[in-house]
Amino acid sequence: MHSSAVFLIEFGAIILGLGLLGRFAGRFQFSPIPLYLLAGLAFGEGGLLPLGTSEEFVAIGAEIGVILLLLMLGLEYTASDLVSNLKTQYPAGLLDAALNAVPGAVMALLLGWGPVAAVVLAGVTWISSSGVIAKVLGDLGRLGNRETPVILSILVLEDLSMAVYLPIVTALLAGAGLAAGSATLAIALGVAGLVLLLAVRYGRHISRFVSSDDPEKLLLVVLGLTLVVAGLAQQLQVSAAVGAFLVGIALSGEVAEGAHNLLAPLRDLFAAVFFVFFGLHTDPASIPPVLLPALALAVVTACTKIATGYWAARRAGVSVKGRWRAGGTLVARGEFSIVIAGLAVTAGIEPSLGPLATAYVLILVIVGPLTARYTEPLATRVMRWRTGRSAAAVPAAAEGGEAPAEPTTDAGADRATDADRATDTDRATDADPAYDAVDGRDVLGRP
């Protein structure tokens with residue numbers, strides 16, 4: 001059969017399969033991301049039906065998918081929002097790096113892989129998946145929630161940190177000297193700073209240049225500008241995702257709204273292709289030997305991400321339920337983790353690092369949408385159960401002749417304060433009203 005015919009059949013089958021999986025997930029109100037990844041495993045190396053001629057096109061489509069996900073996320077916020085969030089959330093970024101990079105470095109050292117592999121695995125466990133999280137926020141209808149700017153700030157801090165981290169890792173893997181590594185780092189920081197400066201100061205002028213009453217022209221200009229900036233950023237050792245996000249930040253007003261409506265179908269298509277591509281490059285046979293350490297690392301860093309999101313949202317004055325949602329949403333790892341691990345595999349640092357990173361990311365990219373959806377309801381149930389036990393213990397103590405203890409608040413989770421009770425009832429948003437008023441009761445179970 002002619003190669004072009006094979007390509008059309010293969011790629012058509014992928015798109016059709018993704019559509020059916022999306023409908024299946026939608027019927028049960030479940031994020032389709034894990035199903036897309038499992039489909040990638042089925043079509044990938046060592047899977048049931050490996051692809052042939054369409055794999056290269058899927059790879060390009062996957063890269064476009066990540067770029068569009070970050071562009072659409074950037075369109076939700078203005079440059080002033082970005083700057084103010086970064087100013088207020090930088091302590092959360094530091095905590096995020098400390099809590100989530102250290103477990104990866106420790107695991108590499110325990111496995112005897114050496115300091116360079118430790119730096120690489122630290123990056124794998126540190127960076128959340130902006131692409132997965134952007135998709136999850138859209139699927140769950142949380143883009144307008146009060147905790148979403150906190151999540152976005154942490155993701156942006158992580159993505160911008162890659163402008164520093166990736167040149168350092170590249171220099172370490174290549175064995176480059178201090179001078180060469182410093183020059184690469186300086187170029188990356190300069191480019192990231194320049195793009196951010198243009199987005200903040202000249203965003204209105206950029207919006208005017210892009211603006212058009214013709215939807216076709218608006219679509220072509222926005223998409224072309226985004227791909228050009230993303231490509232230039234990647235060429236200069238800065239993440240293409242960061243460049244796309246900053247383009248979205250630079251656009252505002254009617255231009256941003258119009259671009260959002262036009263690009264949404266393209267984003268959904270190429271984002272699904274990205275998740276399939278991720279599964280394509282995972283050989284199922286390489287997972288079992290490293291499954292236990294990957295699982296242990298996934299459990300630890302899922303907890304540390306939840307703690308990071310909770311603490312950051314608490315600093316921002318978000319309600320208790322919003323804090324749990326923020327933490328659960330940050331759990332997923334994905335594209336950056338695979339890129340970092342791929343650098344180490346190419347350099348031949350440690351043969352087992354690639355399979356471990358793949359298994360680790362695969363676990364959390366499947367678990368991430370689940371924790372985003374269920375962390376807050378589960379935490380609410382646990383707190384209600386604890387409150388019920390405490391209430392039951394008071395009469396028992398009174399019957400034994402003991403005076404009931406004075407109610408206290410936990411300094412680490414100030415749930416019983418008047419301020420928190422107010423935020424749990426008063427901060428419900430139109431985008432997600434059910435999450436802030438479950439069953440008409442507050443977080444302590446009171447009507």
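For the residue pair Leu297 and Pro103, the shortest heavy atom distance occurs at CD1-O, 3.6 Å. When all heavy atoms are compared, the tightest approach of Leu251 to Ala256 is O-CB, 3.8 Å. Of all heavy-atom pairs between Gly309 and Ala326, the closest is O-CB, 3.8 Å. Scanning both residues, Val290 and Ser352, for their nearest heavy atoms gives CG1-O, 4.4 Å. In terms of heavy atoms, Ile366 sits closest to Pro369 at O-CD, 3.4 Å. Heavy-atom minimum distance, Ala92 versus Ala312: CB-CB, 3.5 Å.
In this structure, Phe274 and Lys135 have side chains that are not in contact, with every pair of non-hydrogen atoms separated by 4.5 Å or more. Side-chain atoms of Asn145 and Leu140, non-hydrogen and from C-beta on, never get closer than 4.5 Å to each other. Leu71 places a side-chain heavy atom less than 4.5 Å from the side chain of Leu263. Annotation: side chain of Tyr165 is not in contact with side chain of Ile127 (no heavy-atom distance under 4.5 Å). Side-chain contact check for Arg146 versus Ser319: every heavy-atom pair is 4.5 Å or farther apart. Looking only at side-chain heavy atoms (C-beta outward), Leu269 and Ile15 come within less than 4.5 Å of each other. A 4.5 Å side-chain heavy-atom check between Leu155 and Ser128 finds at least one atom pair inside the cut-off.
Atom CG of residue Leu157 and atom CG of residue Asp96 lie 8.5 Å apart, to the nearest 0.5 angstrom. Separation of atoms OG1 (Thr375) and CD1 (Ile306) is listed at 4.5 Å; rounding is to 0.5 Å. Atom-to-atom distance recorded for His260:NE2 and Leu143:CG is 6.5 Å, nearest 0.5 angstrom. In this structure, CD1 on Ile9 lies 12.5 Å from CD1 on Ile14, to the nearest 0.5 angstrom. For the atom pair Thr226 OG1 and Ile64 CD1, the distance stands at 11.5 Å (nearest 0.5 Å). Distance CG/Leu353 to CD1/Ile340: 10.5 Å, rounded to 0.5 Å.
Checking side-chain atoms of Lys305 against main-chain N and O of Trp126 turns up a donor-acceptor pair under 3.5 Å. Between the side chain of Thr125 and the backbone N or O of Ala122 there is at least one donor-acceptor pair closer than 3.5 Å.
Asn100 and Thr304 share a side-chain donor-acceptor pair at under 3.5 Å.
Residue pairs that meet the side-chain hydrogen bond (donor to acceptor under 3.5 Å, both in side chains) test with at least one member in residues 101-122, sequence neighbours left out, do not exist here.
Among Val365, Leu121, Val124, the single residue meeting the side chain to side chain contact (heavy atoms under 4.5 Å, CB included) criterion with Tyr360 is Val124. In summary, of the residues considered (Val136, Thr329, Val331), a side chain to side chain contact (heavy atoms under 4.5 Å, CB included) with Thr371 occurs for Val331 alone. Applying the salt bridge (charged side-chain N to carboxylate O under 4.0 Å, His left out) test between Glu147 and each of Arg325, Arg315, Arg323 identifies Arg325 as the sole match.
The 12-atom threshold is exceeded at CG of Leu110, counting heavy atoms of other residues, nucleotides or ligands nearer than 6.0 Å. Annotation for Glu63: atom CD does not count as buried by contact number, only 12 or fewer foreign heavy atoms lying within 6.0 Å.
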Val320 vs Tyr310, side-chain contact (heavy atoms from CB on, under 4.5 Å): CA-CA, chis, key distance, verdict: CA-CA 8 Å; Val320 174; Tyr310 186 99; 4.2 Å; yes

Pair Leu364-Thr301, side-chain contact (heavy atoms from CB on, under 4.5 Å): steps then yes or no: CA-CA 9 Å; Leu364 288 185; Thr301 54; 3.9 Å; yes

Set out, in order, the CA-CA distance, both residues' side-chain angles and the distance that settles side-chain contact (heavy atoms from CB on, under 4.5 Å) for Leu69 and Val132, then state yes or no. CA-CA 9 Å; Leu69 282 169; Val132 174; over 6 Å; no

